2 protein chains.
Amino acid sequence: MNLLEVIKSLSNQTRLNILTWLKDPFACFPAEELADYSPALGVCVSDIAKKAEMSIPTVSVYLKNMSTAGLLVATRKDQWTYYKRNEDAIQQLAQLIKDNL
Amino acid sequence: MNLLEVIKSLSNQTRLNILTWLKDPFACFPAEELADYSPALGVCVSDIAKKAEMSIPTVSVYLKNMSTAGLLVATRKDQWTYYKRNEDAIQQLAQLIKDNL
DNA sequence: TAGGTATTTAGGTAAATACCTAAATTTGTT
DNA sequence: AACAAATTTAGGTATTTACCTAAATACCTA
């Protein structure tokens, strides 16, 4: 885990919001958009962009940024890319701050 | 604690370094500069700037930034400003990431 | 009060980040 | 093959951040 890379990835309100929305998709996204929701996959780019009220390209790069940093896991299925949280990485980050920062 | 403010404060390698140097000043700063060191005060601006190999004004604003965010505690004594870590804030951050992020 | 040391504030430039729209790509369906 | 949907890549502008030097301020001591 590259601490600076992870922290930079979190240093934006929208990206921080996305991470918390993905904790509980049913509470944060309209039910009809989660018709085919599976915890193993997560939520697709355009649903997240709509929730964020930002353009799809912007959110697409945010999501890629977060998955490169290790905070999210991307899964391509058909023409969709789904993103879910990487809980292990988030706990690892908390531990690293607790012990080493 | 304003999470975004704290994270932004940490999103720079030099500021991250400063925080870790202050964990163990004796290991990280030359002994002669710590002649009057006290854990209650910490280390002064110019000693930190020298260690960081950056200009004093730049490091001065970094330190103020981190203390505004709550990560450091500043103490003015005579013509020096000393900075030390705010351990409580750092542990609070770790806990917040663990539980709420 | 004059002079010295430490720090802060002001003001500037270069690089990075935050967004956007348009174009290209991927993948599924007629 | 042709079209459509979702995403990514490219390319652009505005804002923020990362630094610096010079000037101003704070605080000490003679």
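Chain letters run A, B, ... following the sequence lines, proteins first, then strands; residues in each count from 1. The shown structure was predicted, so the numbers you read here are calculated from the model rather than taken from an experiment.
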Q: Thr81(A) side chain: which of dT7(C), dT8(D), dC19(D) is closest?
A: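 So the side chain of Thr81(A) is nearest to dT8(D).
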Q: Under 3.5 Å, which protein N or O atoms sit close to an N or O of nucleotides 21-30 of chain C? Give each pair with its distance.
A:
{"from": "dG28(C)", "atom 1": "OP1", "to": "Asp78(A)", "atom 2": "OD1", "distance (Å)": "3.1"}

Q: Could you tell me how far apart Ile7(B) (CD1) and dT17(C) (C1') are, to the nearest whole angstrom?
A: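 Taking CD1 of Ile7(B) and C1' of dT17(C), I get 16 Å after rounding.
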Q: Quickly work out the Arg15(A) CZ to dC19(C) P distance and round it to whole Å.
A: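 From Arg15(A) CZ to dC19(C) P: 8 Å.
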Q: CG/Leu96(A) to CD1/Ile7(A) distance, rounded to the nearest 0.5 angstrom?
A: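 Between atom CG of Leu96(A) and atom CD1 of Ile7(A) there are 8.5 Å.
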Q: Which heavy atom of Lys23(B) sits nearest to which heavy atom of Asp99(A), and what is that distance?
A: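 Minimum heavy-atom contact is NZ-O, 3.3 Å.
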Q: Is a side-chain N or O of Lys84(B) found less than 3.5 angstrom from the main chain of Leu72(B), in a donor-acceptor match?
A: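 Not at all, since once roles are kept as given, no pair shorter than 3.5 Å links the two residues.
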Q: If you compare all heavy atoms of Thr14(B) against all heavy atoms of Ala52(B), which two are closest, and at what distance to 0.1 Å?
A: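 Heavy atoms only, the tightest pair is CG2-CB, 4.2 Å.
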Q: Can you tell me if Ser46(A) touches the phosphate of dT7(D), counting only side-chain N or O atoms and a distance under 4.0 Å to OP1 or OP2?
A: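 Answer is yes, contact under 4.0 Å.
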Q: Quick one: Tyr62(A) OH to dA16(C) C1', roughly how many Å, whole number?
A: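 The answer, rounded to whole Å, is 13 Å.
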Q: Considering non-hydrogen atoms only, spot the tightest contact between Ala74(B) and Thr81(B) and give its length.
A: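 Heavy atoms of Ala74(B) and Thr81(B) come nearest at CB-CG2, 4.2 Å.
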Q: Which of the following nucleotides, dT8(D), dT7(C), dA6(D), is nearest to the side chain of Trp80(A)?
A: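 Nearest to the side-chain atoms of Trp80(A), counting from C-beta on, is dA6(D).
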Q: More than 12 non-hydrogen atoms from neighbouring residues, nucleotides or ligands closer than 6.0 Å to NZ on Lys50(B), yes or no?
A: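 No, because the 6.0 Å sphere around NZ of Lys50(B) holds 12 heavy atoms or fewer from other groups.
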Q: Could you tell me how far apart Asn17(B) (CG) and dC19(D) (P) are, to the nearest whole angstrom?
A: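 From Asn17(B) CG to dC19(D) P: 11 Å.
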Q: Under 3.5 Å for both pairing distances: what stems, at least three Watson-Crick or G-U pairs long, include DNA chain D?
A: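 DNA chain D stems, ordered by first number: C:1-30 with D:1-30.
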Q: How many whole angstroms separate atom CD of Glu53(B) from atom P of dC19(D)?
A: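 That distance rounds to 13 Å.
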Q: Would one find a side-chain N or O of Ser60(B) under 4.0 angstrom from OP1 or OP2 of dT8(C)?
A: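 So the side-chain polar atoms of Ser60(B) do come within 4.0 Å of the phosphate oxygens OP1 or OP2 of dT8(C), strictly under.
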Q: Is any side-chain N or O of Asn12(B) closer than 4.0 Å to OP1 or OP2 of dC19(D)?
A: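 Checking Asn12(B) against dC19(D): at least one side-chain N or O falls below 4.0 Å of OP1 or OP2.
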Q: Could you pick out which residue, Val61(A) or Asp47(B), lies toward the 5' side of DNA chain C when each is mapped onto its nearest nucleotide?
A: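 First, find each residue's nearest nucleotide; the 5'-ward one identifies Asp47(B).
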Q: Any chance NZ of Lys98(A) has more than 12 other-residue heavy atoms, nucleotides or ligands included, within less than 6.0 Å?
A: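 Counting neighbours around NZ of Lys98(A), 12 or fewer heavy atoms of other residues, nucleotides or ligands fall under 6.0 Å, so no.
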Q: How many Å lie between CD on Gln13(A) and C1' on dC19(C), as a whole number?
A: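 In whole Å, dC19(C) C1' lies 16 Å from Gln13(A) CD.
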Q: Grab the CG-P distance between Asn65(A) and dC19(C) for me, whole Å please.
A: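 Spelled out: CG on Asn65(A) to P on dC19(C) is 12 Å.
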Q: Please report, rounded to the nearest Å, how far the C1' atom of dT25(D) is from the NZ atom of Lys64(B).
A: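 So the NZ-C1' distance, Lys64(B) to dT25(D), works out to 12 Å.
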Q: Aromatic ring centroids of Phe29(A) and Tyr37(A) under 6.0 Å?
A: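 Aromatic pair excluded; centres sit 6.0 Å or further apart.
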Q: Take atom NZ in Lys77(A); do more than 12 heavy atoms of anything else shown fall under 6.0 Å from it?
A: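 Not buried by this count: 12 neighbours or fewer within 6.0 Å.
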